[in-house]
Each structure stands twice: as C-alpha cells, then as structure tokens.
Amino acid sequence: MVKPFVPELVYVEPRALEYPLGKELKQKFENMGIEIRHTTSHNQVRNLPGDNHFQRYRTAKSTLVIGIRKTLKFDTSKPSAEYAIPFVTGCMGHCHYCYLQTTMGDKPYIRTYVNVDEILESAEEYMQQRAPEPTRFEASCTSDVVGVDHLTHTLKQAIEYFGKTEHGQLRFVTKFAHIDHLLDAEHNGRTRFRFSINSDYVIKYFEPGTSRLHERIEAAVKAARAGYPLGFIIAPIYLHEGWKEGYREMMEKLNKALPADARKDLTFEMIQHRFTKPAKRVIQKNYPMTKLELDESKRKWKWGRYGIGKYVYTNEEQEDMKDTIGSYIASYFPEASLDYFT
Ligand code: SF4
C-alpha cells in the first residue's frame, strides 16, 4: 500500500510566506523535521541532490515547492471541462506513460500554490462571464491534486467554495486513495469525484507510486457514501496480452463494490494510450526498463495539440476497445453515462 506523500525536501518561495497557507505549510514541514530551503523562484530549484539524471529525477518527484500562482488566466480543458484550474503542478506518482514527463520538462518537482483565494477569485470571473450557463473546472490537468492534498487541504477549500456557487462545478481525478479529509467537505453535489482506474496489469507495471485498484475502489465507495457524484476514467486503455479479461475483471470488482446510490449519477470516460516522439524519448530516459510498448510502426499517427503528432491505436483496435469496454459499462452500470472515448 502506498503511503500518503511526505516530501523529502521542501523549497519555499519568499512571497509564499505572505499567505497564511504558506506560513502554515512551512511550519508544518519544519515540525516534521523535513529539510527546508529558500529560493527566490521555483526556477532556481536546479541543484537537487543526486549524482545523475536518474537520481535527480527521483529526488524531484519527492520535492515540494511552496509557491504562488502568478498567471491567473486559466487554460481551456476539453473535453472534460471548460477550464483547467491550477492548484498544484507536478506529481509524486511514477506512471511511466504520464504526460507530465514531457510537459514538466526538467522541472518534475511538485509545486503547490498558496494563493488559493486569488485562484478562486479568478474562477469567479470565469463563471460570471458564462452565467447562467454552468462552468466546469478541472483540477487535474497539471498534477494529481489529491496526492498532496492531505498536506495542503487546498482541494478541500475549493470543493467547499464551489459547493456555495450557483453556476460552478469542480471535477478532479486521482489515482490516490488518501481522501479521508475530503469526506466531510460541504460539496453540495457540485464536485464530481473521479478515480482513474485500470487493469491490474497496467497498474502493476506502469503505475508505481500510486494506490492499487482495490484501494482506489474502496476510496470511491467512501466518496460515494459522502454523497459525491462519482466518475471513473479508464485511462490509459492499453492493449496488453489478456486485456479483455483484465478490463472485465476491473469492471467486475467495481460492480461488486459500488453501492446502489452511487450508480444513478455516475460517469465514465475512456482514454486510449497515446504517445508522442518527444514523450517516448523522455519515458525511455526516466524509466529505461519499462515494458511500455512505444513502437510507432504499430500505431496510427494523428495530429495533436501544438502540431506535435501523437501515436494512437489503429482504427480497428480503437473500435475493439470501445465495443469491449463500452459493453462492460453498459452491462454492469446501465444507468451510467459514457461521456467520451478519445
Ligand atoms: S498519478 Fe497521474 S499525474 Fe501522477 S504520475 Fe501518474 S499519471 Fe502522472
């Protein structure tokens, strides 16, 4: 069982100490006896301990920077929401396929923002622009925000904030089961609590440092009992040997565990595995022993964001995964909605 994240090294940006959460976190880590370094900017977090890239990458993944979010302009976040809301960047997980490896480049440390009120004020402006249309905010675009939230309670604050809004909805997705502090948040049904799930094979070989399937399912049951609308993202769907059986077992376990109440307002999202050429290079550098299949000749090339082509499964394979996993969803969870396959 993966333990709740505790950083090995903490950096504090000076302006972070102007905010109560910044002071509180610094004090908390001091009390825990964790080494704290001061930095003028997170860009200075260069000289992490380690003799080589491999070690420094691992140190970075257990380094937390307490900082300020300067850009309060949000990115769009299709297809799951209108906007990405930034509370944290980076992640302590070690999923081999993770897109953060390329987007975070040489700064894979975790950075948590303490100017939460300012971020929420910005969300308020976005909501007003669209009102009376609802506005959905996705909190998981740049991190697994739950992984660090037991320390910061930022997400909890956001859940309660959106719980009081008229037009706002919050959503996030996690591979971590450390959610107990979120169970008493006053969410008023305005936050969709999603878990990323996968076959045992994918979790075992490609998702080190995250909670196992049964732990995520147990956490999902707790979230459902706390009245949260639930969702599951099956991602990345990966065609390993025995994948049909693997994904069927996953759905069976979910079916056995989920209480009846949780099934009425339940969503599924399906995302196939994909990679880009730059991602492949970074994955092979950070996880040289990975079993992850990254053979361009077996995939279909597709235009991606910023003009960087991505490699997805062939059309026949995509149809097969949609039909197979889609039919499991339809038979086990007939009331659920399948939001998209991509
Ligand atoms: S838990 Fe999510 S964000 Fe973290 S490494 Fe894994 S895929 Fe990336």
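Order of appearance sets the numbers: ligands from 1, and atoms from 1 within every ligand.
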Trainee: Can you say whether the rings of Phe195 and Phe193 are parallel (under 30°), tilted (30 to 60°) or perpendicular (over 60°)?
Mentor: parallel
Trainee: With under 30° as parallel and over 60° as perpendicular, where do the rings of Phe137 and Phe74 fit, or are they tilted in between?
Mentor: perpendicular
Trainee: Which residues pass the side-chain contact (heavy atoms from CB on, under 4.5 Å) test with Phe341, sequence neighbours left out?
Mentor: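 Ile237, Met270, Gln272, Gln318, Met321, Lys322.
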Trainee: Identify, with sequence neighbours excluded, every residue that meets ring pair (Phe, Tyr, Trp, His ring centres under 6.0 Å) alongside Tyr205.
Mentor: Tyr201
Trainee: So, at under 2.8 Å, which protein N, O or S atoms would a careful student list around atom 6 (Fe) of ligand 1?
Mentor: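 Listed by chain and number: Cys95 SG.
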Trainee: Which residues pass the side-chain contact (heavy atoms from CB on, under 4.5 Å) test with Lys164, sequence neighbours left out?
Mentor: none
Trainee: State which residue, out of Tyr313, Tyr238, Tyr311, Tyr99, fulfils the ring-ring contact (aromatic ring centres under 6.0 Å, His included) condition with Phe275.
Mentor: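 One option only clears the test, and that one is Tyr311.
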